[in-house]
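Taking it in order: structure first as structure tokens, then the write-up.
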Amino acid sequence: MARHLITSAIPYINGIKHLGNLVGSQLPADLYARYLRARGHEVLFLCATDEHGTPAELAAAKAGKPVDEYCAEMHAVQAGIARGFRLSFDHFGRSSSPQNHRLTQHFAARLDEAGLIREVSETQMYSPQDGRFLPDRYIEGTCPNCGFESARGDQCDNCTKQLDPVDLIDPRSTISGATDLEMRETKHLFLRQSAMKERLADWIDGKTDWPVLTTSIAKKWLNDGDGLQDRGITRDLDWGVPVQKGDAPWPGMEGKVFYVWFDAPIEYIACAQEWVDAGKGTDWERWWRTDKGADDVRYTQFMGKDNVPFHTLSFPATILGSGEPWKLVDYIKSFNYLNYEGGQFSTSRGRGVFMDQALEVLPADYWRWWLLSHAPENADAEFTWENFQASVNKDLADVLGNFASRVTKFCRSKFGEVVPEGGAWGEREQALVRDLTDGLAAYTRQMEAIEVRKAAASLRGLWVLGNEYLQEAAPWSTFKTDPETAAMQVRLGLNLIRFYAAISGPFIPDACAELLAALKAEDADWPDDIETALSTLAPGHAFKVPDVTFRKITDAEREDWQTRFAGAR
RNA sequence: GGGCCUGUAGCUCAAUUGGUUAGAGCAGAGCGCUCAUAACGCUUUGGUUGCGGGUUCAAGUCCUGCCGGGCCUACCA
């Protein structure tokens with residue numbers, strides 16, 4: 001038994017996430033957490049909402065609400081949807097929590113004491129009408145290179161040239177349209193990542209078992225151009241963690257807050273504190289402080305590829321730079337993007353399926369299965385309704401659901417809703433045990449390695465073995481001449497359902513719980529030995545024929561959804 | 001522009017890191033079964049591995065040049 005700390009990239013607060021966001025971090029993290037718990041390990045699985053930054057302020061303004069109120073509401077919404085998808089967080093925190101405020105300010109003070117913070121004076125675009133400094137991409141104007149009239153301050157979407165907002169002709173605020181923009185001087189704190197480049201590079205070089213996607217992005221940032229650049233960690237905003245040195249004020253930084261990407265990863269730690277303060281745990285330090293028991297913790301992070309630089313460089317720089325014994329990540333699992341029907345998911349255009357809509361259409365397990373079995377591990381993947389319908393109908397309804405149905409219904413009609421007695425295993429049953437043993441070993445290996453798609457394929461392969469056995473054994477035939485043998489075959493079939501429910505939980509938790517409830521075998525845990533596992537439900541054990549575990553998606557439904565989610569939410 | 005990833009059967013993906021005849025699932029075809037959600041099982045059609053060179057006893061895998069797709073490029077998060 002080991003101890004595993006698992007975090008999912010924390011979703012941004014401004015709105016409901018789409019399926020691509022879900023499959024890129026929260027869902028695979030949940031799969032891994034559920035698997036490790038099922039194997040008897042001690043797991044702390046944390047996630048939170050990322051609440052600071054300009055977009056949160058703007059979204060709140062658009063909703064006509066104070067930003068703190070808006071965030072509190074959206075946090076509740078996201079938490080509810082997470083429960084709907086059965087994401088088994090031990091705690092779903094908030095980056096705006098007092099715990100994170102304190103800890104972020106603490107880290108900043110430690111980094112300053114270590115000489116890793118420098119002050120930089122710079123000029124930035126300020127919009128008097130908006131009352132705020134504008135991040136580059138909130139400024140639009142005419143591209144000096146190609147004349148495109150809606151070029152953004154960071155890059156022209158037309159000619160792809162990288163721009164500086166001061167280069168734009170006739171710049172205007174995308175928030176208000178204001179054109180009276182001016183350059184104002186402002187002072188910010190920078191984290192001297194460049195000073196830690198060698199340390200970070202050595203650390204990354206040691207991670208030879210990480211996904212290529214993870215290490216290649218990290219190395220690019222380490223070695224690109226002049227190497228790892230210092231990063232501004234403060235912003236001129238109202239909503240965020242006030243810039244302080246621990247409890248003390250930071251002269252010259254009054255009215256400023258830390259940059260979201262500085263405080264967001266620190267929330268991983270603060271979230272553990274929130275977990276304790278919420279009465280769900282008693283000791284967060286044994287998960288996070290290597291001097292207080294976290295030495296034997298294995299820490300795994302899940303995220304989309306866009307998050308990789310912050311998790312491989314910025315956050316480790318914060319932790320290492322503090323000089324304190326915080327736990328560093330051991331393994332970073334990163335994902336590519338999920339596309340939707342030949343294009344990208346688009347939050348602004350309402351294109352694709354969002355988490356709340358998905359649950360309105362079908363239960364969580366259908367989505368969990370498809371998303372995980374098609375997780376964008378090696379390359380971007382694509383969601384299509386046709387593929388979704390085909391996969392769900394075949395894998396879940398036909399292969400697994402129908403197996404449970406045919407076994408239990410046959411048993412009920414010939415022996416009643418009780419595990420039948422009599423008969424003994426023969427060579428066919430022993431061969432099945434061997435096949436299941438091999439298949440389970442492969443499935444286990446892939447789950448340990450977080451090879452999500454392969455694990456799903458292996459699991460499906462195990463389900464298929466049940467149908468193959470049933471077809472060969474044909475209890476409906478043997479029953480006519482040899483009821484005792486038929487009883488044995490059916491008994492084995494019932495135990496197979498229990499076995500499947502015990503090992504499939506990480507993918508489809510609700511269906512597994514329903515099957516186990518029907519079998520009155522809620523205590524089923526992970527099987528150590530197949531032969532034992534398939535003999536657990538003993539003759540005389542009562543059960544109920546389960547309801548349809550997975551229904552099929554009809555062509556009419558599929559066509560309806562295709563239209564409904566094509567755009568304009 | 002630069003960097004990284006990617007291109008394998010109609011579709012979605014594998015291929016133990018250079019090693020026999022490139023494999024699965026779905027879709028298609030045929031047969032079987034009749035317990036079951038018109039479900040299940042067996043058999044089977046289908047590939048010049050994007051294209052052209054090169055290295056090697058041996059290339060889907062390594063090198064190189066094209067062509068296509070995607071991502072990142074540090075003030076969105």
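Throughout, protein chains are lettered first and strands after them, A, B, ... in sequence-line order, and every chain is numbered starting at 1. The structure presented is a predicted model; accordingly, all values stated were derived computationally and were not measured. Just so you know, these numbers use all the heavy atoms, side chains as well, and skip hydrogens, waters and symmetry mates.
- In the model, A/E267 has no side-chain atom that pairs as donor or acceptor with a side-chain atom of A/S95 under 3.5 Å.
- Using a 4.0 Å cut-off on heavy atoms, the residues of residues 438-461 of chain A that approach RNA chain B are A/R453, A/K454, A/R460, listed by number.
- Only the P atoms considered, B/rG50 is 15 Å distant from B/rC13, to the nearest whole Å.
- Using the six-membered ring where Trp is involved, A/W261 and A/F310 have ring planes that are parallel, under 30° apart on the 30 and 60° scheme.
- For the pair A/R368 and A/F507, the NZ or CZ position fails the cation-pi test of under 6.0 Å to the six-membered ring centre and within 45 degrees of the ring normal.
- The aromatic ring centroids of A/F479 and A/W476 lie 6.0 Å or more from each other.
- Salt-bridge formation is not detected for the pair A/R453/A/E451: no Lys NZ or Arg NE/NH1/NH2 atom is positioned less than 4.0 Å from an Asp or Glu carboxylate oxygen.
- B/rG23 and B/rG60: their C1' atoms are spaced 12 Å apart (whole Å).
- B/rU48 and B/rC72 have their C1' atoms separated by 35 Å, with the value rounded to a whole Å.
- In textbook terms, a nucleotide whose glycosidic angle is within 90° of 0 is syn, and B/rU17 is one such case.
- A distance below 6.0 Å separates the ring centres of A/F388 and A/W367.
- Distance, A/E341 CD to B/rC11 C1': 13 Å, rounded to whole Å.
- Ion pairing between A/K187 and A/E119 holds under the 4.0 Å rule for side-chain N and carboxylate O.
- With salt bridges taken as basic N to acidic carboxylate O contacts below 4.0 Å, none links A/R192 and A/D230.
- For A/Y500 and A/F403, the distance between ring centers is under 6.0 angstrom.
- A/K305 has a carboxylate O that lies under 4.0 Å from a charged side-chain N of A/D380, or vice versa, which qualifies the two as a salt bridge.
- Taking atom P on both B/rC26 and B/rU73, the two are 40 Å apart, rounded to the nearest angstrom.
- A salt bridge does not link A/E377 with A/K454: every distance from a Lys NZ or Arg NE/NH1/NH2 to an Asp or Glu carboxylate oxygen is 4.0 Å or more.
- Side-chain rings of A/H311 and A/Y268 approach one another, their centers coming within less than 6.0 Å.
- Atom pair A/H374:NE2 and B/rA14:C1' shows a separation of 13 Å (rounding to whole Å applied).
- Of the P atoms belonging to B/rG2 and B/rA9, the separation is 30 Å, rounded to the nearest Å.
- One interatomic measurement links the two molecules: CH2 of A/W369 to C1' of B/rU12, which rounds to 13 Å at whole-angstrom precision.
- Taking the P atoms as reference points, B/rG41 lies 16 Å from B/rU34, given to the whole Å.
- Atoms CG (A/N393) and C1' (B/rA27) sit 14 Å apart, rounded to a whole Å.
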Per-residue pairing states of RNA chain B in dot-bracket (Watson-Crick or G-U under 3.5 Å; . unpaired, | other strand) read (((((((..((((.....[...)))).(((((.......))))).....(((((..]....))))))))))))....

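- Between A/A379 and A/N387, the one whose closest nucleotide on RNA chain B sits nearer the 5' end is A/A379.
- Of the two residues near RNA chain B, A/N378 and A/L396, the one whose nearest nucleotide lies more 5' is A/N378.
- B/rG65 and B/rA58 have their P atoms separated by 23 Å, given to the nearest Å.
- Between A/E382 atom CD and B/rG7 atom P the separation is 16 Å, expressed in whole Å.
- Remark: A/T174 pairs with no residue by the side-chain hydrogen bond (donor to acceptor under 3.5 Å, both in side chains) rule, at least two apart or across chains.
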Take nucleotides 70-77 of chain B nucleotide by nucleotide from the 5' end and write B, S or -, depending on whether a protein heavy atom sits under 4.0 Å from the base, only from the sugar-phosphate, or from neither. SSSSBBBB

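- A/W370 has its ring centre less than 6.0 Å from the ring centre of A/F383.
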List the atom pairs, donor and acceptor, that lie under 3.5 Å between side-chain atoms in residues 550-559 of chain A and the rest of the protein, sequence neighbours left out.
from   : atom 1 : to     : atom 2 : distance (Å)
A/R551 : NH1    : A/E557 : OE1    : 3.1
A/R551 : NH1    : A/E557 : OE2    : 3.3
A/R551 : NH2    : A/E557 : OE2    : 2.7
A/K552 : NZ     : A/D398 : OD1    : 2.7
A/K552 : NZ     : A/D398 : OD2    : 3.3
A/T554 : OG1    : A/E557 : N      : 3.1
A/T554 : OG1    : A/E557 : OE1    : 3.4
A/D555 : OD1    : A/Q389 : NE2    : 2.8
A/E557 : OE1    : A/T554 : N      : 3.0
A/R558 : NH1    : A/Q389 : OE1    : 2.9

Tabulated below should be each protein N or O lying under 3.5 Å from an N or O of nucleotides 38-44 of chain B; please produce it.
from   : atom 1 : to     : atom 2 : distance (Å)
B/rA39 : OP1    : A/K552 : NZ     : 3.2
B/rA39 : O5'    : A/K552 : NZ     : 3.0
B/rA39 : O2'    : A/N402 : OD1    : 3.4
B/rA39 : O2'    : A/N402 : ND2    : 2.2
B/rC40 : OP1    : A/K394 : NZ     : 2.9
B/rC40 : OP2    : A/K394 : NZ     : 3.4
B/rC40 : O2'    : A/R406 : NH1    : 3.1
B/rC40 : O2     : A/Q471 : OE1    : 3.0
B/rC42 : OP1    : A/E468 : OE2    : 3.2

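- B/rU45 and B/rG10: their C1' atoms are spaced 12 Å apart (whole Å).
- The aromatic ring of A/W476 is stacked on the base of B/rC35, with the two ring centres less than 5.5 Å apart and the planes inclined by under 30°.
- We find that CG of A/D555 is positioned 12 Å from P of B/rA27, with the value rounded to whole Å.
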